[in-house]
Amino acid sequence: MCGIMGYIGERAAIPVLLDGLSRLEYRGYDSAGVAVAHDGTVHVRKAAGKLSRLREILERDPVPGNVGIGHTRWATHGQPTDTNAHPHTDESGRFVVIHNGIIENFLPLREELASRGHRLSSDTDTELLAHLIEEEYRGDLVEATRRAVRRASGAYALVVLCAQEPHRIVAVRMISPLVVGFGQGEMLLASDIPALLPYTRDVLVVNDGELVVLTREGVQLESLEGGTVSRSRMHVTWTAEQAERGGFPHFMLKEIYEQPRALQETLMGRLDGDGPVVLEDVHLDAAFARALNKIWITGCGTAYHAGLVGRYLFERVLHLPTEADYAHELRYRDPLVRAGDLVVAISQSGETADTLAAARLCRSRGARVLAVTNVVGSTLSREADDVLYTRAGPEIAVASTKAYLTMLVGQVLLMLYLGSLRGNLRADRARQLVEELAVLPRKVQEILNHPAPVEALAREVADSEHVYFIGRGLDYAVAMEGSLKLKEISYVHSEAMPAGELKHGTLALVTPGTPVVVVLTQAHVYEKTVSGLQEVKARGARVVAVAYEDDPEIGKLADRVLRIPRTDDLLSPVLAAVPLQLLAYWVARERGHDIDQPRNLAKSVTVE
Ligand code: F6R
């Protein structure tokens, strides 16, 4: 997500802040800003765009001072503009904040503050925190911050500077990472270790629910309730490159392990108890939803595979004709798209040329376009009528993982949203799904906690020439994604197909020892898929099943089973995809490939 840097010491703060932020650039960002306490005022400089723009501003309009905070923003609320860039202040400019993460009760808090006369100048959730701290301030920044964060729920790391208390920086961690660095006569603070490495290797990782008071002399760690916390610092031996990957050997693995948090962020603030799903940038009304003729889903690669999941969900639950097609096919096939149709255009980057072209074509024919994207301010998000941001955070590995999982959950949210508008999703069924969605991040974590079976399997299949993936319904959609992941990073030829299709030709290629991955989570077609499994087994295939942990039969049928926690069958793709991502990763590693930058592929395909 966003990057944070803080400095208090003897040096001029600005060069240290800019240097720290530049070491976090690899994470991706869309705007940057700094604030420095000097002469009884906190001076803010910020700009949309790259750090170079901020540097130019600072050259023209420098700020002296030895205490400061800096931020690179990856937008979640509001477009990437100068105004929405951090730091944010209250009206008086005395309280200055930077923040990573999401404030869940953003909408009610915003209304509450506006009703009490606060003038809010940005679209961000962050700015609310500056106003809350101002309301709570009675001469002690620590107390004011403590009281303010009690009023905000969500996952965040918050850093505060106050004009009246320039000798300290106050910070709070609630899920989003925060690390303190110990220098000689200086102290630092950052969202990630790489920003600190040129200054110190002695760090203290702040835990959830802890408050940090940083002075030139040291750090005081407290709980949010007010008690003192003591923890010893640690010495980091990572290289700068290892630190960028958070200690993981590859960004892809890091991003796979980030999925529980990414999903939490996708869901955050959107499922408020019994109320309807809140999708802040989606403005469909009941009349449109009830009169809806058809849903078209489009995208490329992994985004298209996510769309295949959406197709099953919308058709089955909303009883709406739904079609999913590759954007590069849809745009050239003269589709019968018309007014009253909804086009769901899915793209992590929001910049894929074919997806943009397909969305434009459909829009020109009168359809309403809803973008599902990870990048706020991307071309797709700007051109669409409605936007559902997936909030996966920057994805750096070329092979998409966390973006895919959050696209799936984004579409489940859209299904719930449309279901309540159309009135054809029973309230008790919606509640079941909402409850299950809320525990999915934990279930993904459970899978990630036990990678050993996947690693062992990867060693067994790494030398295979071909791998096949089969499934039915939602399991087929997951098979498609599992197969793409494997081929794109391991260069093993793989193919996915509906389990019922094998016997119509491809079975000829299944010979003794050929790995066939069978995804088996859909109760209503379970027996039918097992028939497909038996067909390949009879040809000597090495059968790998992805199945629920409490499936009693599968152990007898498959050579290897990758188990996932039980969930609602409609949500199983979110879990079933995870062992397949890990399998692709470990096979590629066994084969010694460049996992984060596979050959012939680019992260964003902006050519047609
Ligand atoms: C696969 C992968 C690609 C992208 C595709 C679309 O891991 O990353 O298949 O999914 O190029 O990209 P976006 O989602 O940015 O439109």
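Numbering of ligands and ligand atoms starts at 1, following listing order.
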The closest protein heavy-atom partner of atom 10 (O) of ligand 1 is Thr302 N, 3.1 Å
Is Arg589 salt-bridged to Glu455, going by a charged N under 4.0 Å from an acidic O?
no
In terms of residue, atom name and distance, what is the protein heavy atom nearest to atom 12 (O) of ligand 1?
Thr352 OG1, 3.5 Å
So which heavy atom in the protein is nearest atom 11 (O) of ligand 1, and how far is it from that ligand atom?
Val605 CG2, 3.9 Å
Atom indices of ligand 1 within 4.0 angstrom of Lys485 heavy atoms, with elements:
1 (C), 7 (O)
Distance under 6.0 Å and angle within 45° of ring axis: Lys50 vs Tyr29:
yes
Assess Gly299 for proximity to ligand 1: is some non-hydrogen atom of it under 4.0 Å away?
no
Note: ligand 1 atoms sitting under 4.0 Å from heavy atoms of Glu488 are 1 (C), 7 (O)
For Ser347, counting its heavy atoms only, list the atoms of ligand 1 lying under 4.0 Å from any of them.
13 (P), 14 (O), 15 (O), 16 (O)
Cys300 heavy atoms, cut-off 4.0 Å: which ligand 1 atoms fall inside?
5 (C), 6 (C), 10 (O)
Ion pair check, Glu481 and Lys487, cut-off under 4.0 Å
no
Can you list the ligand 1 atoms lying under 4.0 Å from a non-hydrogen atom of Ala399?
7 (O)
Between the side chains of Arg560 and Glu460, is the shortest nitrogen-to-carboxylate-oxygen separation below 4.0 Å, so that they form an ion pair?
yes
Those atoms of ligand 1 less than 4.0 Å from some heavy atom in Ser400:
7 (O), 8 (O)
Nearest heavy-atom neighbours spanning Ala345 and Leu380:
O-CD2, 3.7 Å
Are the aromatic ring centres of Tyr585 and His250 under 6.0 angstrom apart?
yes
Test of understanding: given a 4.0 Å heavy-atom threshold, classify the contact between Glu351 and ligand 1 as side chain, backbone, both, or neither.
neither
Considering Ser349, Ala353, Ala303, which one's heavy-atom position lies nearest to atom 15 (O) of ligand 1?
Ser349
Whether Phe251 and Tyr26 hold their rings parallel, tilted or perpendicular, with breakpoints at 30° and 60°
tilted
Distance from Ser572 atom OG to Lys443 atom NZ, nearest 0.5 Å?
11.5 Å
To atom 8 (O) of ligand 1, the nearest of Thr373, Ile346, Val398 on a heavy-atom basis is Val398
Of all protein heavy atoms, the one nearest atom 14 (O) of ligand 1 is Gln348 N, 2.6 Å
Say you draw a straight line from CG of Leu421 to CZ of Phe288; how long is it, rounded to the nearest 0.5 Å?
10.5 Å
